[in-house]
Structure formats: C-alpha cells, structure tokens
Amino acid sequence: MTASPASSPAVSTDSSHALHSPVIAWFDEHARDLPWRRPEAGPWGVMVSEFMLQQTPVSRVLPVYEQWLARWPRPADLAAEAPGEAVRAWGRLGYPRRALRLHGAAVAITDRHGGDVPREHGQLLALPGIGEYTAAAVASFAYGQRHAVLDTNVRRVLARTATGVEYPPNATTAAERRLARALLPEDEGTAARWAAASMELGALVCTAKSPDCARCPVAGLCAWRLAGKPPHEGPPRRGQTYAGTDRQVRGKLLAVLREAVGAVPQSVLDTVWDEPVQRARALDGLVSDGLVEPLDGGFYRLPQTLPQPDPHARTQPRAQTPGHPQV
DNA sequence: GACGCGTGGCC
DNA sequence: TGGCCAAGCGT
C-alpha cells in the first residue's frame with residue numbers, strides 16, 4: 001500500500017457509522033420493487049438474479065428472470081435440463097458462459113446440497129460461476145447474513161464517500177475489502193440491509209457518469225464532494241473493445257444456434273462472418289467452452305450432453321454402465 | 001494482475 | 001458517432 005491520502009480513510013470499526021442510518025433510511029423510501037427482492041423469490045431466485053446481473057443491466061434481466069423462474073422454479077428443475085436449454089433461454093443477456101455455469105451450479109446444488117441453495121459462504125463460493133461478490137450477495141440477500149458485499153456500485157460509493165476519490169481502482173484491492181469490512185454494521189440484519197442499501201445508492205444516485213448529489217442522503221458527509229469533486233487521477237479504465245473481435249463473432253455464431261431448432265450445418269455458420277480464420281477460431285472457442293457441441297458431418301448444436309462429471313460429487317455416479325453411450 | 005468474455009442503451 | 005457503462009468470473 002502506498003502512502004496516498006486514499007489509503008488511510010478516517011473510519012472506525014464503530015458499528016453505527018454515520019453512513020448507515022441515512023443510507024438505509026433512503027433505501028426504505030426509494031428501493032426499487034424488483035422481483036428477486038420479494039420474499040417469494042427465495043434463495044434460488046436471488047441466485048439466478050445475481051448470475052444474470054453480472055455485468056448486465058436490470059432492465060434487460062427482468063423479462064428473462066421471470067421466464068427462468070417460471071420454467072425452472074427450483075435448482076433441480078434446471079439441473080434436469082440439457083445445458084443447451086439454459087444457453088438458449090439465456091437469450092441475448094450476453095456472456096452466455098454464465099448460463100452454462102448457472103446450469104452447472106444447479107447440478108451441483110442438486111447433487112451435493114439436496115437441492116437447496118447452500119447457506120455458507122464457502123459452499124456458495126465452491127459453485128461454478130460464483131465468486132467472492134456473488135457468494136457474499138446470496139448469503140446476504142437470501143439468508144440475511146453479515147458479509148461485505150463489494151460490487152462495482154458499493155466500491156464507487158465507498159470510494160467517494162469514505163475515500164474521497166471519484167472512482168475505485170480498476171481491480172478490487174485489499175484496502176477496499178478492509179474498508180468495507182470496517183464499515184459493516186455489527187448487527188447481522190442491519191449489515192444485510194446496509195449491503196442492499198449501499199448497492200442501490202450506487203445504482204440509482206451515486207452513478208458512474210453523473211452522480212445526483214442533490215438526491216444523495218449522505219452528500220453532507222461525502223469526502224469526495226467535500227473535497228470539491230476532484231477528477232479521477234491515475235490510469236484510465238481499460239475500455240472494452242468489441243467491434244471486429246472474436247467476441248462479436250462468437251455472439252453471431254451463438255445467435256444462429258440459439259434460434260435453430262436442431263443442428264446447424266457448418267455452411268450456415270459460415271455466413272455470419274467473412275474472415276475464415278477468425279470464424280474458425282471463434283467456433284473452436286465456443287466448442288472448447290462447452291457452449292457448442294460439434295456433431296458428425298459438420299453439424300453443430302447447443303450442448304445436449306453434460307460436459308463433465310462433477311469432481312466434487314459426494315457420491316460417485318453409478319459406475320459408467322458400459323454399453324450405454326451418452327447421446 | 002491482466003485478459004477474454006456479449007449485448008444494448010445512452011449522451 | 002462511438003466510447004462508456006452495466007449487481008463479475010475464471011484463467
């Protein structure tokens with residue numbers, strides 16, 4: 001840690017920090033009524049929403065979330081499907097590997113947790129597609145536990161209010177985790193409320209481009225605002241390029257396969273992109289990611305077969321009965 | 001720690 | 001218009 005003013009914020013471990021009450025009160029008044037926040041969503045609904053919300057705006061998640069929960073109301077329902085169905089139902093949310101991982105998580109939950117989304121942070125973290133943030137979010141939002149839930153919204157809110165800078169670092173730092181833990185209310189229920197409230201504040205008021213300080217409940221004690229809103233210093237955030245990349249080609253290929261009822265011949269996939277080397281590389285990538293299944297005769301489809309047996313399964317899969325090839 | 005990974009809306 | 005941004009994860 002370097003000796004920057006940002007590295008030694010004046011915060012105590014006091015359980016009632018000055019930020020808590022105003023932000024939680026603001027949340028009680030202004031929180032959006034989102035389906036995964038309703039009691040009937042349950043842990044599975046919370047978990048599905050968290051997967052979908054990874055890098056994807058709420059407005060685009062809403063309709064797909066409703067379809068998923070109606071079709072697969074429990075983890076076991078999704079686990080019983082072919083992974084390709086999850087990819088298809090993912091639609092155009094983007095980053096379709098999330099669909100595969102969510103399917104894998106449903107299988108793991110069914111195999112090792114009796115079909116119930118686990119409560120423990122460590123068990124959540126062990127599921128495919130669940131990292132530090134999502135494990136904390138599910139434990140906090142679904143089970144009311146006390147965890148530092150450090151997403152891009154909370155990181156920005158803390159950067160501004162507590163640290164006094166416009167933007168957090170590019171990657172989450174140990175200093176940010178320490179700060180978030182120090183600011184966590186002692187009481188479990190209050191901590192869970194704080195997690196949701198601080199995230200919502202970042203999403204609705206303390207936004208990246210144009211923070212609406214006039215509507216901010218903690219504008220009066222925001223370190224960044226009190227310092228005169230100094231502009232961001234340091235390395236610019238790495239912009240994500242897209243046009244002309246493999247990602248764009250993968251997207252086009254997968255769009256064709258999602259819309260197709262059955263298998264698609266190579267000749268049709270060849271029409272989505274002119275450059276053959278990049279096209280082949282993109283298709284290979286999709287196959288090695290398990291998003292696309294190659295068939296004999298140059299046909300491709302969304303994956304119908306389970307990629308790998310679960311290495312964490314508590315019970316061995318009934319010894320590969322010989323003479324029963326997977327279809 | 002830096003990359004690769006989709007998609008669409010917004011100013 | 002096009003860069004920026006949106007509740008990250010895995011390698």
Side-chain angles (χ1 to χ4, degrees), chain A residues 27 31-32 34-37 41 45-65 87 90-102 104-105 124-142 147-158 166-174 176 180 195-204 206-211 232 235-258 272 278 281-282 284-286 288-292:
Chain A
F27 183 67
R32 290 167 293 181
L34 300 170
W36 44 87
R37 286 181 179 162
V46 170
M47 184 173 140
V48 169
S49 77
E50 290 302 335
F51 269 78
M52 292 183 172
L53 288 164
Q54 290 169 3
Q55 302 281 280
T56 304
V58 167
S59 61
R60 290 187 23 228
V61 165
L62 282 170
V64 183
Y65 171 87
V87 174
W90 198 253
R92 306 188 67 81
L93 284 184
Y95 293 144
R97 292 188 295 191
R98 291 181 293 166
L100 226 42
R101 290 171 185 154
L102 180 50
L124 288 164
L125 201 53
L127 297 172
I130 294 194
E132 183 63 37
Y133 161 75
T134 304
V138 172
S140 179
F141 302 155
H147 292 280
V149 181
L150 209 47
D151 80 319
T152 188
N153 290 305
V154 176
R155 294 180 62 215
R156 190 172 54 248
V157 167
L158 297 186
E166 185 175 18
Y167 295 118
N170 279 328
T172 307
T173 62
E176 286 182 273
S198 54
M199 190 174 309
E200 188 79 338
L201 185 67
L204 296 184
C206 194
T207 59
K209 293 275 299 235
S210 53
H232 179 70
R237 351 217 324 135
R238 196 177 76 257
Q240 30 182 359
T241 56
Y242 183 66
T245 62
D246 287 6
R247 284 157 81 177
Q248 185 181 18
V249 184
R250 287 167 56 108
K252 287 177 176 294
L253 290 169
L254 208 56
V256 170
L257 291 162
R258 269 198 315 263
V272 309
Q278 187 178 27
R281 186 173 63 233
D284 283 351
L286 289 171
S288 59
D289 283 349
L291 283 164
V292 171

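In the text below, chain A, chain B and the rest are named by the order of the sequence lines, each starting its count at 1.
- Contacts between residues 246-254 of chain A and DNA chain C, defined by a heavy-atom separation below 4.0 Å, involve no residue at all.
- Taking the side chain to side chain donor-acceptor pair (under 3.5 Å) definition, one finds that A:Arg258 meets it with nothing, sequence neighbours left out.
- The residue A:Trp90 sits apart from the nucleic acid: no heavy atom pair falls under 4.0 Å.
- Taking A:Arg250 as the reference, A:Asp289 meet the salt bridge (Lys or Arg N to Asp or Glu O under 4.0 Å) condition, with sequence neighbours excluded.
- Within 4.0 Å (heavy atoms only), A:Arg156 reaches sugar-phosphate atoms of the nucleic acid but no base atom.
- Applying the salt bridge (Lys or Arg N to Asp or Glu O under 4.0 Å) criterion to A:Glu166, with sequence neighbours excluded, gives no partner residue.
- A:Ala208 comes within contact range of the sugar-phosphate backbone alone, with a heavy-atom separation under 4.0 Å but no base atom that close.
- Bounding nucleotides for the chain A contact on DNA chain B, 5' to 3', at a heavy-atom distance below 4.0 Å, are B:dC3 to B:dG8.
- Between the P atoms of B:dC11 and C:dA7, the separation comes to 16 Å (whole Å).
- Distance noted for atom P between C:dC4 and B:dC3: 16 Å (whole Å).
- For A:Tyr133, the ring pair (Phe, Tyr, Trp, His ring centres under 6.0 Å) criterion is met by no residue, not counting sequence neighbours.
- If you take atom P in B:dG6 and the same atom in C:dT11, they sit 15 Å apart, rounded to whole Å.
- In this structure A:Phe27 satisfies the ring pair (Phe, Tyr, Trp, His ring centres under 6.0 Å) test with no other residue, sequence neighbours excluded.
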Protein N or O to nucleotides 8-11 of chain C N or O, pairs below 3.5 Å:
| residue | atom | partner | partner atom | Å |
| --- | --- | --- | --- | --- |
| C:dG8 | OP2 | A:Gln55 | N | 3.1 |
| C:dG8 | OP2 | A:Gln55 | NE2 | 3.1 |
| C:dG8 | O3' | A:Thr134 | OG1 | 3.4 |
| C:dC9 | OP1 | A:Gly131 | N | 2.9 |
| C:dC9 | OP1 | A:Thr134 | N | 3.0 |
| C:dC9 | OP1 | A:Thr134 | OG1 | 2.6 |
| C:dG10 | OP1 | A:Gly129 | N | 2.5 |

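- By the side chain to side chain contact (heavy atoms under 4.5 Å, CB included) test, A:Leu204 is found to be paired with A:Trp26, A:Arg32, A:Glu200, residues two or more places apart in sequence or in another chain being considered.
- Here A:Val58 lies in heavy-atom contact (under 4.0 Å) with a base.
- Residues satisfying the side chain to side chain donor-acceptor pair (under 3.5 Å) criterion with A:Asp284, sequence neighbours excluded, are absent altogether.
- Under the 3.5 Å distance criterion, the side-chain polar atoms of A:Arg156 are matched with a main-chain donor or acceptor of A:Cys206.
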N/O donor-acceptor pairs under 3.5 Å from side chains in residues 92-102 of chain A, not counting sequence neighbours:
| residue | atom | partner | partner atom | Å |
| --- | --- | --- | --- | --- |
| A:Tyr95 | OH | A:Arg247 | NH2 | 2.9 |
| A:Arg98 | NE | A:Tyr95 | O | 3.3 |
| A:Arg98 | NH1 | A:Phe51 | O | 3.1 |
| A:Arg98 | NH1 | A:Met52 | O | 2.9 |
| A:Arg98 | NH1 | A:Gln54 | O | 2.6 |
| A:Arg98 | NH1 | A:Thr56 | OG1 | 3.2 |
| A:Arg98 | NH2 | A:Thr56 | OG1 | 2.9 |
| A:Arg98 | NH2 | A:Leu93 | O | 3.2 |
| A:Arg98 | NH2 | A:Gly94 | O | 2.7 |

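- Distance A:Arg155 CZ to C:dC5 C1': 14 Å, rounded to the nearest Å.
- Checked against side chain to side chain contact (heavy atoms under 4.5 Å, CB included), A:Ala41 has the following partners two or more places apart in sequence or in another chain: A:Tyr65.
- The minimum heavy-atom distance between A:Pro63 and A:Ser59, with the atom names listed, is CD-O, 3.6 Å.
- Contact annotation for A:Arg258: backbone-only contact, meaning every heavy-atom pair under 4.0 Å involves sugar-phosphate atoms and none involves a base.
- DNA chain B is contacted by both A:Ser59 and A:Gly94; A:Gly94 maps to the nucleotide lying nearer its 5′ end (nearest heavy atom per residue).
- Among the heavy atoms of the strands lying under 4.0 Å from A:Tyr242 is at least one base atom, whether or not backbone atoms are also near.
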